[in-house]
Amino acid sequence: MKLVFAALGRFACLLPTVVSAGAIIVATPAAFAMEGGQSPYLRGYRDFSSGILPPPGVQVRYDLNFYNGHETSRIPQGQLATSLRTVSNILGIVGVTPAQLWGANYGFAIRGAMTGVSADRTVTNGARRVAASDAMTGLNDVVISPIVLGWHLGNWHWNVSASLWIPAGDYQATQRINTGKNYWSWSPQFAVTYLDRKAGLEFSAAFAYVANYENTTTQYHSGDVAHVDFAAMQSIAPRLSIGAVGYVMSQVTDDVGAGATLGSRRAQVFGAGPAIRYVIRTGKTPMILSAKYYREFSARNTTEGDQGALSLRANF
């Protein structure tokens with residue numbers, strides 16, 4: 001733990017040289033009175049080098065994320081129109097130990113956060129129109145990965161992990177929007193990276209299955225969701241790489257429970273766009289700064305829009 005806190009201290013000293021530090025705001029885009037519309041997993045979060053578990057030590061990652069999405073769909077109550085806007089930051093820590101298990105390096109991870117979100121919702125049924133809007137900033141649920149196992153073989157790198165979403169975020173049943181979800185989720189995950197350092201070429205993909213439990217306050221049980229994140233990067237200069245990123249989110253089981261008044265609400269969305277990565281030399285600790293943009297398409301029962309992110313990573 002001393003190593004983790006020391007790494008955080010060093011990272012905090014380096015951070016202002018690259019990006020303006022402010023309140024830490026993180027988001028999985030929050031559901032606006034439709035719990036089945038958004039997954040606890042932040043789509044696109046696992047991008048380049050997702051299959052590479054760092055060498056023993058601590059990796060600190062900071063993300064600044066922007067999202068603006070809309071949904072128009074038919075529900076039993078009428079025509080639903082929803083808009084969602086978030087400005088987000090993510091802070092994650094990965095610790096890798098010298099210990100090995102089945103030939104793999106053993107690590108663990110934790111991610112904590114806060115979200116600034118605003119949303120609007122309108123339901124129209126004939127001449128009747130019901131509209132609501134709200135905005136808030138609050139803590140998100142905490143994500144822990146107590147088991148991360150990583151293997152390396154030549155240009156190939158892969159890892160398996162198990163993640164748990166702990167309902168520690170801000171949640172009030174009387175609020176129209178919440179930054180916490182008030183239910184537990186867990187996810188087995190697998191990621192693989194092919195990295196040819198001589199050619200400066202990388203392909204990465206990550207797969208996650210998110211199993212959700214019931215929100216006992218609303219009696220809403222969100223369905224399970226499958227995620228695929230992927231990235232391809234090509235080096236064009238010693239410190240500069242360009243490429244493409246994308247993701248798929250597909251809900252594979254129905255929303256159920258007394259609170260699922262909008263119907264089964266199986267969600268699906270795709271996203272793809274460009275990415276750029278630059279290595280910054282700051283003393284003895286190199287930092288990786290990346291930017292990416294996703295344009296979403298083919299959405300069903302969830303928002304569709306634009307997502308952008310800046311990411312900063314450092315290994316200690």
Side-chain angles (χ1 to χ4, degrees), residues 7-8 10-22 24-29 41-55 57-68 86-94 96 109 111 113 143 150 157 159 189 191-197 199-206 208 227-248 271-283 285-296 306-316:
L8 280 172
R10 292 171 62 188
F11 186 78
C13 293
L14 294 170
L15 182 59
T17 68
V18 182
V19 66
S20 170
I24 295 178
I25 307 170
V26 73
T28 300
Y41 182 99
L42 177 58
R43 49 206 192 219
Y45 181 73
R46 302 192 70 177
D47 42 34
F48 67 88
S49 301
S50 58
I52 302 177
L53 189 65
V58 176
Q59 181 185 83
V60 180
R61 173 176 172 177
Y62 168 86
D63 287 72
L64 175 64
N65 185 280
F66 306 89
Y67 184 79
N68 184 8
T86 63
V87 179
S88 315
N89 301 280
I90 304 167
L91 182 63
I93 303 170
V94 178
V96 183
R111 191 165 70 246
V143 187
H157 311 266
N159 61 66
Q189 301 183 27
V192 60
T193 293
Y194 174 82
L195 176 61
D196 187 334
R197 298 184 187 276
L201 183 64
E202 175 195 325
F203 297 98
S204 291
H227 289 266
V228 181
D229 297 339
F230 54 88
M233 303 293 289
Q234 174 65 60
S235 176
I236 60 173
R239 297 186 185 181
L240 182 65
S241 300
I242 60 173
V245 290
Y247 55 72
V248 178
I276 186 170
R277 180 177 63 190
Y278 184 73
V279 179
I280 302 168
R281 299 290 180 183
T282 306
T285 304
M287 306 178 72
I288 299 175
L289 177 65
S290 64
K292 56 185 180 179
Y293 165 77
Y294 298 93
R295 176 57 188 170
E296 294 184 322
D306 301 280
Q307 181 181 173
L310 294 173
S311 178
L312 185 64
R313 314 175 201 203
N315 294 331
F316 300 94

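Counting from 1, the numbers follow the sequence of the chain as shown. As the structure is a prediction and not an experimental result, all values here were calculated from the model.
Within the 3.5 Å criterion, the main-chain N or O of T193 finds no donor-acceptor partner in the side chain of S204. The backbone N or O of R295 lies less than 3.5 Å from no partner atom in the side chain of D306, so there is not a single donor-acceptor pair.
Side-chain contact check for V60 versus V58: some heavy-atom pair is nearer than 4.5 Å. Looking at heavy atoms from C-beta onward, M287 lies out of side-chain contact with Y62 at the 4.5 angstrom threshold. At least one side-chain heavy atom of L195 sits less than 4.5 Å from a side-chain heavy atom of I52.
Smallest separation of non-hydrogen atoms from G150 and L53: N-CD2, 3.7 Å. The two atoms that bring L310 and A291 nearest to each other are CD2-CB, 3.5 Å, heavy atoms only. Of all non-hydrogen atoms in A205 and S50, the two that sit nearest each other are O-OG, 3.6 Å. The shortest heavy-atom contact between A191 and R46 is CB-NH2, 3.4 Å. Considering every non-hydrogen atom in both R281 and P286, the closest pair reads NH1-CB, 3.4 Å. Of all heavy-atom pairs spanning A314 and T285, the tightest one is CB-CG2, 4.1 Å.
The side chain to side chain donor-acceptor pair (under 3.5 Å) search around S290 returns none, not counting sequence neighbours. Listed by chain and residue number, nothing satisfies the ring pair (Phe, Tyr, Trp, His ring centres under 6.0 Å) test with F66 (two or more places apart in sequence, or in another chain).
Stacking of R61 on the aromatic ring of Y45 is recorded, both the 6.0 Å distance cut-off and the 45° axial limit being met. Under a cutoff of 6.0 Å and an axis angle of 45°, R277 and F48 form a cation-pi pair.
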Anything under 3.5 Å between a donor and an acceptor, one on a side chain of residues 233-247, the other on a protein residue two or more places apart or in another chain? List them.
residue, atom, partner, partner atom, Å
Q234, NE2, A199, O, 2.9
Q234, NE2, G200, O, 3.3
S235, OG, A237, O, 2.9
Y247, OH, E296, OE2, 2.5
Y247, OH, Q307, NE2, 3.2

Next item on the list: Apply side-chain contact (heavy atoms from CB on, under 4.5 Å) to the pair V248 and H227, showing each step before the final yes or no.
Entry: CA-CA 6 Å; V248 178; H227 289 266; over 6 Å; no
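Between D47 and R313 there is a salt bridge, with a side-chain nitrogen of the basic residue lying less than 4.0 Å from a carboxylate oxygen of the acidic one. Between D229 and R43 there is no salt bridge, since no side-chain nitrogen of the basic residue lies less than 4.0 Å from a carboxylate oxygen of the acidic one.
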